[in-house]
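Just so it is clear, the structure is predicted and the values come from calculations on it, not from any experiment.
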Amino acid sequence: MKSYLLLSVFLTFFVSKSFGQIQFQESASTLGLGGTTYGDGLLGGGISFFDFDGDGWDDITMSSQASHPVRFFRNFQGTFQEVFFNIFDPLYQTKTVQWVDFDNDGDNDLFVTGNADSNRLYENLGNMSFDDITTSAGLITVDHRTFGSSWGDYNNDGLLDLFINSRNPDEINIANILYRNNGDGTFTDVSDSVGLLTTNYLSFCASFFDYNNDGWQDIVIANDKQPKNLLYHNNGDGTYTEMGQETQTDVIMDAMSTTIGDPNKDGWQDFYVTNTQEGNAYFENNGDGTFTDVADSNGTLFESVAWGAIFIDADNDTDLDLYVSGIFDGTNGMLPSAFYENNGSGSFTIPSGAGFENDTAQSFANAMGDINNDGYPDMLVLNYAPDDLFLWQNNCPADYNWLKVKLQGTESNRMGIGSTIEIMVDGEKQYNYTLCGEGYLGQNSAYEFFGIADATEIEYVKVTWLSGIVDMIENPQINQSMTIIEGSTLGTEDFSVLDRVVVYPNPSDDTITLKTSNNWLGTEITVTDALGRVVFTSFVTSEEMLLDVSQYEAGIYFVNGSNARTSFSEAVVIK
């Protein structure tokens with residue numbers, strides 16, 4: 001009997017550990033997100049799970065149907081509260097909502113697309129105050145029928161360029177557009193000169209990514225109905241060549257999304273495209289300039305009507321899982337959504353009891369972030385009325401370790417978009433690729449998430465930037481969120497090289513520590529409040545100095561400084 005009881009306990013433990021890890025709970029209303037439906041706008045809208053104010057907590061931005069505003073929800077250490085910015089909103093039907101530092105000044109600007117009016121670019125003036133610069137920036141102000149947009153650096157000049165899609169069934173000559181960032185607050189339409197096709201392809205979404213690992217950003221485009229999907233190869237000389245046929249990705253489908261990831265951890269980025277009942281496509285990168293659609297064989301075909309999709313390591317077991325949103329409610333026998341768990345050997349299955357039993361709304365865009373900074377990724381889903389958005393809070397047992405990495409470019413674009421982050425754990429590598437604009441009208445957290453299971457050490461983190469600079473950080477501390485500055489090439493405990501700047505703790509009550517290298521000695525620093533007013537001025541007197549903030553009111557402040565090489569602006573929350 002004793003042996004039987006021991007065996008029963010062992011089996012119960014084994015099953016719970018091996019098969020009971022994935023667990024999500026829908027928590028939108030309890031965390032302050034009631035009354036957040038998209039409405040009934042044509043083919044849904046976009047969602048962003050991105051820290052727009054730089055305080056270290058992933059915020060939420062959601063698009064809306066016509067006559068309703070773009071909405072902003074600030075994350076107050078795990079709960080959300082709606083906030084309002086001085087943004088002129090024409091209240092047209094919006095699609096993509098995207099935060100992007102297009103001018104490399106350290107704050108996040110806002111880009112909004114619409115399929116019934118013009119797109120809008122709002123420049124952040126430095127204190128979450130915004131100016132509509134769409135016209136002065138040279139972006140079109142007429143209806144372009146834009147759904148998706150994505151940002152990347154196609155010419156590797158350190159500036160983020162803009163690609164916008166057009167899904168216009170009424171006008172064949174309204175094409176997708178690539179705008180070159182001129183670095184002076186303006187953009188130039190270079191679509192013709194770089195070799196883009198000039199007819200309308202009913203394009204929903206696109207993503208910049210580097211499919212052949214040559215250091216230049218290619219573009220994959222999801223086209224609806226009859227046009228084939230497109231894959232533009234970056235020739236490295238300022239031009240593109242369409243290579244859909246050569247790469248075996250030029251399928252005809254009702255393509256909605258472009259989700260990028262490397263679930264098989266081979267160092268070559270794959271992509272997933274959602275579709276209608278004929279089934280989604282999972283293009284696995286063969287590493288030789290071609291792809292193979294493995295959706296049917298690996299279990300991710302879906303065969304319903306899918307929209308947004310995310311690669312996500314839900315339980316931090318080192319394997320990327322996949323979540324797919326759909327438009328049905330499940331009453332017609334077709335999947336309303338699906339969470340696919342990666343079994344680690346190339347196939348996916350839908351686990352039971354993962355918490356998605358009531359995931360039956362008409363859903364469109366989704367995005368990934370971290371509600372409470374526990375290192376376990378959560379998910380947002382934007383739904384049609386009458387359903388509010390879903391906030392799928394990750395309740396997986398916190399048995400596994402993790403690392404979150406955010407980038408700050410110096411030679412490359414400041415957001416580090418287009419970089420490859422590689423880690424090695426127990427001799428096995430993982431790769432994440434940084435994007436701005438992915439899935440279906442989605443924007444994920446600025447942090448890249450790495451699950452490392454029960455490993456207690458990461459051998460290294462390696463960042464390959466678009467500039468060609470490679471940073472290698474050995475044995476970083478696990479279970480932390482870290483920011484890697486381009487060219488720093490130092491570990492989390494070594495601050496003696498180049499221009500590394502760290503401000504901690506964050507949030508803070510009484511004092512904050514400014515930790516720098518000797519490059520900063522003698523540099524003037526300022527602390528400004530959320531309105532840009534200078535509240536404190538000092539000089540860096542040592543590589544580790546204390547700043548007294550006890551006299552300041554609670555809120556967001558910025559510690560700023562610049563030297564001959566670079567500048568920094570670090571947000572600090574004072575409680």
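Taking the side chain as every heavy atom from C-beta outward, Leu110 and Val112 approach each other to under 4.5 Å. Here the side chains of Asp370 and Tyr447 are not in contact, with every heavy-atom distance at 4.5 Å or above. Here the side chains of Ser191 and Thr198 are not in contact, with every heavy-atom distance at 4.5 Å or above. A heavy-atom distance below 4.5 Å is not found between the side chains of Asp250 and Leu230. Here the side chains of Val220 and Thr249 are not in contact, with every heavy-atom distance at 4.5 Å or above. You'll find the side chain of Ile133 stays beyond 4.5 Å of the side chain of Tyr122, heavy atoms only. No side-chain heavy atom of Glu438 sits less than 4.5 Å from a side-chain heavy atom of Thr259. The closest side-chain heavy-atom distance from Leu547 to Phe536 is below 4.5 Å.
Taking CG of Leu125 as the reference point, atom CG of Asp109 lies at 9.0 Å (rounded to 0.5 Å). Taking OG1 of Thr464 as the start and CD of Glu486 as the end, the distance is 10.5 Å to the nearest 0.5 Å. Once rounded to the nearest 0.5 Å, the distance linking OH of Tyr211 with OG1 of Thr247 reads 6.0 Å.
A salt bridge between Lys462 and Asp471 is absent, with no side-chain N of the basic residue lying under 4.0 Å from a carboxylate O of the acidic one. A salt bridge links Arg145 with Asp170; the closest basic N to acidic carboxylate O contact falls under 4.0 Å. With respect to Lys404 and Glu448, no salt bridge is recorded, no charged nitrogen being found less than 4.0 Å from a carboxylate O.
Aromatic ring centroids of Tyr552 and Tyr557 lie under 6.0 Å apart. Between Phe204 and Trp307, the distance separating the two ring centers is shorter than 6.0 angstrom. The ring of Tyr154 has its center no closer than 6.0 angstrom to the ring center of Trp216.
Although no hydrogens or angles enter the test, the distance criterion places a donor-acceptor pair under 3.5 Å between the side chain of Asp262 and the main chain of Gly267. Looking at Asp224, its side chain never comes within 3.5 Å of a backbone N or O of Met256 through a donor-acceptor pair. Side-chain N or O atoms of Asp529 include one that pairs as donor or acceptor with a backbone N or O of Arg533 at under 3.5 Å. A donor-acceptor pair under 3.5 Å is formed between the side chain of Thr134 and the backbone N or O of Leu121. Asp218 contributes a side-chain N or O that, together with a main-chain N or O of Asn234, makes up a donor-acceptor pair within less than 3.5 Å. Counting only distance, with no hydrogens or angles, the side chain of Thr113 and the backbone of Phe147 share a donor-acceptor pair below 3.5 Å. Between the side chain of Asp59 and the backbone N or O of Asn75 there is at least one donor-acceptor pair closer than 3.5 Å. Ser166 contributes a side-chain N or O that, together with a main-chain N or O of His144, makes up a donor-acceptor pair within less than 3.5 Å. Side-chain atoms of Asp51 come within 3.5 Å of backbone N or O of Gly56 as a donor-acceptor pair. The backbone N or O of Leu407 sits nowhere less than 3.5 Å from a side-chain atom of Thr483 that would complete a donor-acceptor pair.
Residues that satisfy the ring-ring contact (aromatic ring centres under 6.0 Å, His included) test with Phe52, not counting sequence neighbours, are Phe85, Trp99.
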Let's go through Glu171 and Asn200 carefully: what are the C-alpha distance in whole Å and the side-chain angles of both, what is the deciding distance for side chain to side chain contact (heavy atoms under 4.5 Å, CB included) to 0.1 Å, and is it a yes or a no?
CA-CA 7 Å; Glu171 179 53 67; Asn200 194 282; over 6 Å; no
Chi angles and distances behind the side chain to side chain contact (heavy atoms under 4.5 Å, CB included) call for Ser150, Phe163
CA-CA 5 Å; Ser150 51; Phe163 189 88; 3.8 Å; yes
Could you please spell out the steps behind the side chain to side chain contact (heavy atoms under 4.5 Å, CB included) verdict for Trp402 and Phe449?
CA-CA 7 Å; Trp402 52 271; Phe449 293 70; over 6 Å; no
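Asp101 and Gly106 make their closest contact through OD2-N, 2.9 Å (heavy atoms, listed as atom of the first residue, atom of the second, distance).
Classified by interplanar angle (parallel below 30°, tilted 30° to 60°, perpendicular above 60°), the ring pair Phe283/Phe291 is perpendicular.
More than 12 non-hydrogen atoms from other residues, nucleotides or ligands lie less than 6.0 angstrom from CG of Leu91. Enclosure of atom CD in Glu411 is not indicated, since only 12 or fewer non-hydrogen atoms of other residues, nucleotides or ligands lie within 6.0 angstrom.
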